[in-house]
Number of protein chains: 4
Amino acid sequence: MQGERRQQRGGNAGDQRRLQIVAVAEDLIAQKGFEGFRVREVADVVGINIATLHYHFPSKEALVAAVVDRIVGRLDQVPPLQESANLDPRTHLSRHMGVVLDQFDDNRQQFVVLNELNTRAVRDETVCETLAASDIAWREYLVEILRAGRDGGHFRADLDPEAAATLVIGFLRSLLFHPAASADTARRAADELLRCLTPPPL
Amino acid sequence: MQGERRQQRGGNAGDQRRLQIVAVAEDLIAQKGFEGFRVREVADVVGINIATLHYHFPSKEALVAAVVDRIVGRLDQVPPLQESANLDPRTHLSRHMGVVLDQFDDNRQQFVVLNELNTRAVRDETVCETLAASDIAWREYLVEILRAGRDGGHFRADLDPEAAATLVIGFLRSLLFHPAASADTARRAADELLRCLTPPPL
Amino acid sequence: MQGERRQQRGGNAGDQRRLQIVAVAEDLIAQKGFEGFRVREVADVVGINIATLHYHFPSKEALVAAVVDRIVGRLDQVPPLQESANLDPRTHLSRHMGVVLDQFDDNRQQFVVLNELNTRAVRDETVCETLAASDIAWREYLVEILRAGRDGGHFRADLDPEAAATLVIGFLRSLLFHPAASADTARRAADELLRCLTPPPL
Amino acid sequence: MQGERRQQRGGNAGDQRRLQIVAVAEDLIAQKGFEGFRVREVADVVGINIATLHYHFPSKEALVAAVVDRIVGRLDQVPPLQESANLDPRTHLSRHMGVVLDQFDDNRQQFVVLNELNTRAVRDETVCETLAASDIAWREYLVEILRAGRDGGHFRADLDPEAAATLVIGFLRSLLFHPAASADTARRAADELLRCLTPPPL
DNA sequence: CATGAATGAGTATTCATTCAT
DNA sequence: AATGAATGAATACTCATTCAT
């Protein structure tokens, strides 16, 4: 009976604090990388004692896991999925890439942390599987668009949807490598990719 | 007797030792990442005292810089550049991607370290500039091929060489994210990319 | 319904809870020793919050003191004292040692905790005095038996009752050192000790 | 070839330092017990940095193990064994107990640490075995004396040498429990024990 | 060139205790 | 009586770096 009310959606004071800690941790990982990530600094920024942080997250590993969940959780929310469902595939793909490029402009920190995550995935089985699961979902989403577009004549008739999905993902992923890249270069490449996939005018 | 053989290329015995240290360091960075990279472990594997290592490399930073130089130096040796110079651009590009994909199969460690380097570049100005320089050279090399191919009719007439170079680099770079990716998937994507760039049959 | 039964001996519900805490604490000291004894673990096993435990026992020291009282309180209940009062001294001593040896078989945990207590006594004045008081009572009890036995011809005429009491106590105490000792070895030694004290047959 | 000279008996500077650290550690264990034993305090007393201590002993456990070895090593040197070899068994046993009682007077710290060791042995398999090995050697030594004494008429004819050895060891061991015991009480008990074992005058 | 020994600053984690509710 | 959250002071251990030999 006790504390029943508190088990709602993050309304609890404790949950609130945990969210705060994870948010700060993500910031710090973006700034310093996993290499320079210190739990003590998280506690300092949040303004709590290091022991309090360990009360909420029993170990550094647990805190990192929470950060990973948070990041991947955001990845899985592909915003245009629902709204653009009834667009023609080419426009759909165009908007999808546009959304990612916008995020690249507006929230570059997220990309930096994703880069950290990718590097960590090489040696952390858990992170690797988490990222792989997210990757598969994204790939399937793209393959569906590309196949529908090919069959509907919006894309080249000889298009290999899975291979093309690899290209789209590869291109978008490679943005992670260019924290200083100009958005313009990226948009030109996205346009070129769309032309690549589009059938030639007769 | 000792060190007699060492008087070959690479200079004196000291240079030889330095090369050995850098090689071990690269191995360890590939295994543990920068996060788990310890100078003491380098010394242990080489079989020398930690103080001796510091005699050759005054600081960890200096050792890491040497490793970075070694890796980037290898990057800049694009093997097919010379030999394939007089091939037609489409075959040239195809072979270039093939070479990289072969390296991905045979020497994945190099890709892992490159991934580490990319992540570090976000916070290390020196590494960032070193990688950027290598990147520009690669890009120019590809742009040249793509432009020649477009003008010679091997590639689509409406091709944007610079944007296409971004796509090629992006695709190849994204391999770093898939340490477990099947080589087959990558080759299918490379083929698709070539089809993308090729003009449609009339 | 709740707490109804609890209104028996031991007073109110609070006393009941305190008894429960002390019992768990003794168990844990037996398992982990004073070195590995944690108040938090006591609270966890009892199933209460650590703050609740501190409500009942203001400090770790207070809880330990309660455990010590509990253990020494049990020591002072020498069961055969009353029932065997009118036995001949030799049988009396034999039964006394038998009772202790039986406890050694049946309730070895108690011996383990006593060992912890003895070690702590070196540095804790309070524990030392508590144990010393218990010791003196035991010693006097044995001296009485031995003196009566000597004067009544059951033991050797040249027996030094106090020295013999030291031997009996020393032997029984030394059982603490042998958590893995066979009961048989101990009983053989007890028999030998009795023979030692008994006058030779004429 | 290098440093060959240094591998002699503890003459090396490093060995010297290790001996010093172990000696200080033993002192501190005697003063504070294992419960209050801190590696940092060892370093402080020795006058070295905590990292230097960890250079010589990689972990607290390793340091404790070295202390245990040192203590048990001393236990195994039963001084009177050689010199008293040709004494009659009764005098031999008397002197043996005398030596232990003298140590009890002169070097009580050693007994305190032994007490700590005994308590730790309950939970530490290694310490338990080490102590057990030392115990067996001591027991065999005593059994030999007692058997020879019985067969030679110095001790009672119905003496059980192994049981009597248990009594002697038990008595001497029980001294550990009485850090404040008067030496006089102990000597009276030792005398009584000798009388116990001696055959009655005809 | 090479080494054993040493160190300062840090690094995650622990634990008894306290306090507002 | 009971609890979730918080804290100060420790605690073992690590790591790059230095120095005398």
Side-chain angles (χ1 to χ4, degrees), chain A residues 2-3 6 12-18 36-43 46-63, chain B residues 2-3 12-14 16-18 36-43 46-64, chain C residues 3 12-14 17-18 36-43 46-64, chain D residues 2-3 6 12-18 36-43 46-63:
Chain A
Q2 291 177 340
R6 297 178 174 178
N12 190 336
D15 287 346
Q16 212 62 31
R17 171 113 310 172
R18 271 181 282 276
F37 178 60
R38 306 284 177 252
V39 289
R40 191 143 230 140
E41 199 174 356
V42 175
V46 173
I48 57 175
N49 188 285
I50 179 63
T52 303
L53 189 147
H54 271 94
Y55 171 78
H56 291 288
F57 294 93
S59 68
K60 184 181 189 177
E61 197 185 10
L63 176 53
Chain B
Q2 289 181 343
N12 52 38
Q16 209 64 27
R17 175 119 293 182
R18 269 183 282 278
F37 177 63
R38 306 280 176 260
V39 290
R40 194 146 226 141
E41 198 174 358
V42 176
V46 172
I48 57 174
N49 188 282
I50 178 63
T52 304
L53 189 145
H54 267 91
Y55 172 80
H56 291 290
F57 294 93
S59 70
K60 184 180 189 178
E61 197 186 8
L63 176 54
V64 167
Chain C
N12 51 39
R17 175 121 292 182
R18 269 182 282 277
F37 177 63
R38 305 281 176 260
V39 290
R40 196 146 224 141
E41 198 173 359
V42 176
V46 172
I48 58 175
N49 187 282
I50 178 63
T52 304
L53 189 146
H54 268 90
Y55 172 82
H56 290 291
F57 294 93
S59 70
K60 185 181 189 179
E61 197 186 7
L63 176 54
V64 167
Chain D
Q2 292 177 341
R6 298 179 174 178
N12 190 336
D15 288 346
Q16 212 61 31
R17 172 112 308 174
R18 271 182 282 278
F37 177 61
R38 306 283 176 253
V39 289
R40 188 143 233 139
E41 200 174 356
V42 176
V46 174
I48 57 176
N49 188 284
I50 179 63
T52 304
L53 190 146
H54 271 94
Y55 171 78
H56 291 289
F57 294 93
S59 68
K60 185 181 187 178
E61 197 185 9
L63 176 54

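Throughout, a chain's letter reflects where its sequence line sits, starting with A, and its residues are numbered from 1. Computed from a predicted model, the values in this text were never measured in an experiment.
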* To do: Determine the stems involving DNA chain E; a stem requires 3 or more consecutive pairs of the Watson-Crick or G-U wobble kind, each with both distances below 3.5 Å, and the answer is none if no such run exists.
  =>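 Stems for DNA chain E, defined as runs of 3 or more consecutive pairs: E:2-21 with F:2-21.
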
Report yes if a side-chain nitrogen or oxygen of [X] is closer than 4.0 Å to either non-bridging phosphate oxygen (OP1 or OP2) of [N]; otherwise report no.
X	N	answer
D:Arg17	E:dG4	no
A:Tyr55	F:dA5	yes
B:Thr52	E:dC1	no

Rounded to whole Å, how long is the line connecting atom [atom1] of [X] with atom [atom2] of [N]?
X	N	atom1	atom2	value
B:Ile48	E:dG4	CD1	P	12 Å
C:Asn12	F:dA1	CG	C1'	11 Å
A:Gln16	F:dG4	CD	P	18 Å

* Would you check if B:Phe57 and B:Val42 make a side-chain contact, meaning some heavy-atom pair closer than 4.5 Å? =>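 Not in contact.
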
* Take D:Gly47 and B:His56, find for each the nucleotide of DNA chain E with the closest heavy atom, and name the residue whose nucleotide sits nearer the 5' end. => B:His56

* Asked: Who are the salt bridge (charged side-chain N to carboxylate O under 4.0 Å, His left out) partners of C:Glu61, not counting sequence neighbours?
  -> none

* Asked: If the sugar-phosphate is the primed atoms plus P, OP1 and OP2 and the base is the rest, what is the B/S/- string for nucleotides 15-20 of chain E, using protein heavy atoms under 4.0 Å?
  -> BBBBB-

* State whether the side chain of C:Lys60 and the backbone N or O of C:Phe37 hold a donor-acceptor pair below 3.5 Å, judged by distance alone. =>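 Looks like yes, one N/O pair under 3.5 Å.
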
Enumerate, atom names and distances included, each donor-acceptor pair closer than 3.5 Å involving a side-chain atom of residues 46-56 of chain A, sequence neighbours excluded.
residue, atom, partner, partner atom, Å
A:Asn49, OD1, A:Ala51, N, 2.7
A:His54, ND1, A:Ile50, O, 3.4
A:His56, ND1, A:Arg18, NH1, 3.0

